[in-house]
Amino acid sequence: MRLSSGFIPTVKETPAEAVIPSHKLMIRSGMVRALGAGIYAFLPLGYRVMKKVMEIIREEMDAIGGQELHLPALSPLELWEETGRVKAFGDILFHLKNRPLVLAPTHEEVICWLAKNHISSYKDMPQIWYQIQTKFRNEPRPRSGVLRGRQFIMKDSYSLDSTWEGLDTSYDLHAQAYRKIFSRCGLKFFVVGASSGAMGGTGSQEFMMESRAGEDVIAVSEDLSYAANMEIATSLMPKAPRFPENLPLEDIHTPNVKTIDELARFLKVDHSRLAKSVVYWSDETPVLVLMMGNDGLNEAKLAGVLGTEVRPIEPERLLELTGADGGSIGPVGLRERTPASKRFRIIADKRLEGANNLISGANRNDYHTTNIDLQRDCQIDGYYDLRTVMEGEPSPNGKGTLRIIPGVELGHIFKLGTKYADALHATFLDEHGKEHPIIMGSYGIGVERIVACHIEQNNDADGILWDKALAPFLFHLVSVGTKSPAVVEAAEGLYASLNQAGMEVLFDDRKDVSPGFKFKDADLLGMPYQVIIGEKNLAAGNIEIKERKTGKRWLHPRVTIMEHLQELART
RNA sequence: CGGGGCGUAGCGCAGCCCGGCUAGCGCGCUUGGUUCGGGACCAAGAGGUCCCGGGUUCAAAUCCCGGCGCCCCGACCA
């Protein structure tokens, strides 16, 4: 491709809306242009990179037996109503105004419809079907360039199995393929255990990249041997102690004490003696959650335990139900004082399991109850891990302490189980002629995210530093001194030879720009090798090569330059 | 959905508070010339519904009301 005639609109100035490096560089290098919020046009250079990523994905998906297909983006609204996901997605799902159709944000429903019609026997499985296709999500707030768009390309695959062991195998195959894909794309990534959230299912892992541009939060041990999404991360924190002596309950006056810190100071006791009460709605049931001291409640964990969406109770309703305000709620006698229709469910964090001599609210403003024994004085419906881990806490695998870092989700793999097959009645007959729902897995990779993340991890003040695997071109041939017939001839000749040899080369043959301009553009576009043909070096029979990543430059004799470049392409 | 900011030439911005001549600057673009190894220089030029609608006024980019779009922070998020 020639820069003189190619459509690669580079710009010197950074557009105002771009904040993160990848976004700035993708615009400056002419890879993309924004058409609207979260809507991007991929220009020739950007699309070359996208195609490289997609090809790597194809190779690895094919290698695990995946079969590529292509599903429509338009899909009947009815299909989504059957699985309840019109409601689950809410405003994220794009609806068409003049037909009962939606723009698919993912394709479990369509895959399930296909499977229902064509998979009828255990002999038809396992299957792995995948596609690389445009997805649509009406994100409330698109941001960070192509990292979070309203339209994006996703590789999504689906496994169909007749047994749970089969699902495990399909899932593991994907986990392995994903590692290969991200490694080949030159990304530093790590795998974290994740919550399967609204997707449903029995297990999931995310493939993440550490980045301040990310919107996920991950807890990792220092040596990365443990990594988990904050929604499920745990740590090794000591339990509240159980004291040998058992003291009687006592209400104490604690005027104007609202927070746990104030209470600890007022009573001069350790946080481990305090049971903080947090009240949530689980659908229409009020739930009192006891947390030790200042431990933060993790709403995702709570929702997982309760099996419903959760929302904090409104202060007025709390007062109405209990007769006390937020800072004075406690487990003792709570059920007795609330109406039967709104009987509290009481659960506690594992750190409080078996604890006694605790202090909590007395369900009376300005009073707290001391010497609470959770076994003796109240009926706890269960102890669960409900706390949000904090930076510096000991890693659950015993290896060092946790760091809390932001990350970008590159891929996500789910063991879906039978949720969709149940809803859409996609069943098969086993070897005994018995009917079962098909067991599914679903696996996604964000293609734009790979591109953007690669740039996030590989850039400097001058521009992009492409890995060979993703670089739009391997060589950037720069002709310096287009007035010299010798230079023009040498550059044109080398360009022709490279093309003939099937090597990818971008040729800066522009006659109307200064050498400095060409060098700046070459650094901005970031091809792995710059091949520079200048008058002086050429006169001495040499051609200069610059490795973009290291800045290393060297001269090579013109006569054997093709062999040398082919060697560079191989290594 | 809450908070903040912005919308003026293809891009980056000034002008707006405090209304007033022909709306300005840098980059880019066109033409001619000079230059030619790290985003060159000179000269001449083209390019504007000042986001949209309404209002106030002799007069609106500027003030007022309403709307739309974009960005940032938060909430939300397979």
Side-chain angles (χ1 to χ4, degrees), chain A residues 9-20 23-24 27-28 30 33-39 83 85 88-93 104-109 135 137-145 147-150 152 154 156 158 194-201 204-206 213-217 229 231 299-300 303 309 311-312 408-409 411-416 419-420 440-446 461-463 478-484 487-488 508 510-525 530 532-539 544 546 551 553 555:
Chain A
T10 60
V11 284
K12 191 159 53 174
E13 279 166 312
T14 310
E17 70 265 18
V19 176
I20 63 169
H23 190 192
K24 289 178 183 168
I27 292 174
R28 284 195 54 211
R33 286 293 183 271
L35 181 59
I39 309 175
T83 55
R85 290 220 288 179
F89 272 108
D91 199 43
I92 299 288
L93 187 65
T106 171
H107 278 81
E108 282 78 12
E109 276 80 356
K135 298 285 188 274
R137 293 183 191 182
N138 186 25
E139 294 290 348
R141 190 184 152 203
R143 67 186 109 177
S144 306
L147 272 183
R148 187 180 179 84
R150 292 206 164 112
F152 57 96
M154 181 188 239
D156 48 324
Y158 306 87
S195 148
S196 42
M199 284 292 280
S204 94
Q205 285 172 298
E206 289 172 332
E215 36 203 17
D216 285 334
V217 185
N229 193 296
E231 291 175 354
E299 289 190 11
E309 295 294 302
R311 59 188 197 283
V408 175
E409 179 184 340
H412 203 157
I413 57 179
F414 289 93
K415 291 183 185 178
L416 288 180
K419 175 177 168 177
Y420 296 90
M440 286 178 64
S442 104
Y443 317 90
I445 290 180
D462 294 316
V478 183
S479 159
V480 179
T482 46
K483 286 288 187 293
S484 153
V487 168
V488 171
D508 194 345
R510 291 176 294 185
K511 293 183 167 45
D512 50 356
V513 297
S514 66
F517 200 99
K518 291 187 174 186
F519 293 137
K520 288 288 185 188
D521 260 358
D523 287 346
L524 173 64
L525 297 182
Q530 294 170 16
I532 304 159
I533 300 186
E535 209 166 359
K536 265 184 204 153
N537 287 327
L538 191 65
E544 181 183 350
K546 173 182 167 184
R553 300 161 178 275
L555 294 174

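So that the names make sense, note that chain A is the first sequence line, chain B the second, and so on, each numbered from 1.
Comparing the C1' positions of B/C27 and B/C73 gives an interatomic distance of 31 Å, to the nearest angstrom. Using atom C1' as the reference point in both B/G2 and B/A60, the two lie 33 Å apart (nearest Å). Rounded to a whole angstrom, the distance from the C1' atom of B/G47 to that of B/U34 is 26 Å. On the P atoms, B/C51 is 37 Å away from B/C77, given to the nearest whole Å. Nucleotides B/C13 and B/U8 are separated by 10 Å at their P atoms, to the nearest Å. Comparing B/A14 with B/G24, their C1' atoms are spaced 7 Å from each other, to the whole Å. One C1' atom belongs to B/A46, the other to B/G10, and the distance between them is 13 Å to the nearest Å. With both ends at atom C1', the span from B/U22 to B/G39 equals 34 Å, rounded to whole Å.
Using a 4.0 Å heavy-atom criterion, one finds that A/R28 contacts the bases of the nucleic acid, with or without backbone contacts as well. When heavy atoms are screened at a 4.0 angstrom cut-off, A/P9 is found touching no nucleic acid atom at all. Using a 4.0 Å heavy-atom criterion, one finds that A/V19 contacts the sugar-phosphate atoms exclusively. Residue contacts shown for A/K546 include a base, since a base heavy atom lies under 4.0 Å away. A/E139 comes within 4.0 angstrom of no nucleic acid atom, judged by non-hydrogen atoms across all strands. Nucleic acid contact class of A/E17 (heavy atoms, under 4.0 Å, all strands): sugar-phosphate only.
Nucleotide B/C77 holds its P atom 10 Å from the CZ atom of A/R148, rounded to whole Å. Atoms CZ (A/R510) and P (B/U35) sit 21 Å apart, rounded to a whole Å. For the pair A/F517 CZ and B/G37 C1', the interatomic distance rounds to 15 Å; values are reported in whole Å. Regarding A/K511, its NZ atom lies at a distance of 17 Å from the C1' atom of B/U35, rounded to whole Å. Look at CZ on A/R33: it is 18 Å from P on B/C70, rounded to the nearest Å. For A/K24 and B/G12, the NZ to P distance is 13 Å, given to the nearest whole Å. In this structure, A/D512 atom CG and B/U31 atom P are separated by 10 Å, rounded to whole Å. The CG-P distance, from A/L93 to B/C76, rounds to 21 Å in whole Å.
A distance-only check finds no donor-acceptor pair linking the side chain of A/R148 to the backbone of A/P142 [under 3.5 Å]. Between the A/D523 side chain and the A/G463 main chain, no donor and acceptor come within less than 3.5 Å of each other. Side-chain N or O atoms of A/K518 include one that pairs as donor or acceptor with a backbone N or O of A/R510 at under 3.5 Å.
Pairing for B/U62 is absent, judged as Watson-Crick or G-U wobble with the two contacts each under 3.5 Å. The nucleotide B/G48 finds no pairing partner, because no Watson-Crick or G-U wobble arrangement with both distances shorter than 3.5 Å includes it. When both distances must be under 3.5 Å, the Watson-Crick or G-U wobble mate of B/C41 is B/G33. Across the strands present, B/A75 finds no partner; the criterion is a Watson-Crick or G-U wobble pair with both atom distances under 3.5 angstrom. Nucleotide B/U56 forms a pair with no other nucleotide shown, judged by Watson-Crick or G-U wobble geometry with both contacts under 3.5 Å. Summarising the base pairing, B/A14 is matched to no nucleotide, lacking a Watson-Crick or G-U wobble pair whose two defining distances lie under 3.5 Å.
In A/E17, the CD atom is crowded: over 12 heavy atoms of neighbouring residues, nucleotides or ligands sit closer than 6.0 Å.
Each of A/E299 and A/L524 has a nearest nucleotide on RNA chain B; the 5'-most of these lies closest to A/L524. For A/R141 and A/E409, each mapped to the nucleotide of RNA chain B holding its nearest heavy atom, the one lying further toward the 5' end belongs to A/R141.
Distances from the side chain of A/A37 to the nucleotides B/C70, B/U35, B/G37 place B/C70 closest. Across B/C76, B/C36, B/G74, the shortest atom-to-atom separation from the side chain of A/P140 is found for B/C76. Closest to the side chain of A/E544, from the set B/G37, B/A40, B/G74, is B/G37. If you check B/G37, B/C76, B/C27 against the side chain of A/K12, the one that comes closest is B/C27. With distances taken from any side-chain atom of A/N537 to the nucleotides B/G38, B/G37, B/A75, the minimum falls on B/G37. The A/V480 side chain lies nearest to B/G37 when the options are B/G39, B/C76, B/G37. Looking at the side chain of A/S514, the nearest of the listed nucleotides B/U35, B/A40, B/C73 is B/A40. Among the nucleotides B/G12, B/A75, B/G38, the one closest to any side-chain atom of A/D523 is B/G38. Taking every side-chain heavy atom of A/P15 into account, B/G12 is the closest of B/G12, B/G39, B/A75. Distance from the side chain of A/E13 is smallest for B/G26 among the nucleotides B/C76, B/G26, B/C70.
Annotation: side chain of A/M154 is not in contact with side chain of A/I445 (no heavy-atom distance under 4.5 Å). A heavy-atom distance below 4.5 Å is found between the side chains of A/E206 and A/N229. No side-chain heavy atom of A/P105 sits less than 4.5 Å from a side-chain heavy atom of A/R85.
A side chain to side chain contact (heavy atoms under 4.5 Å, CB included) with A/D156 holds for exactly one of A/E108, A/H107, A/H412; it is A/H107.
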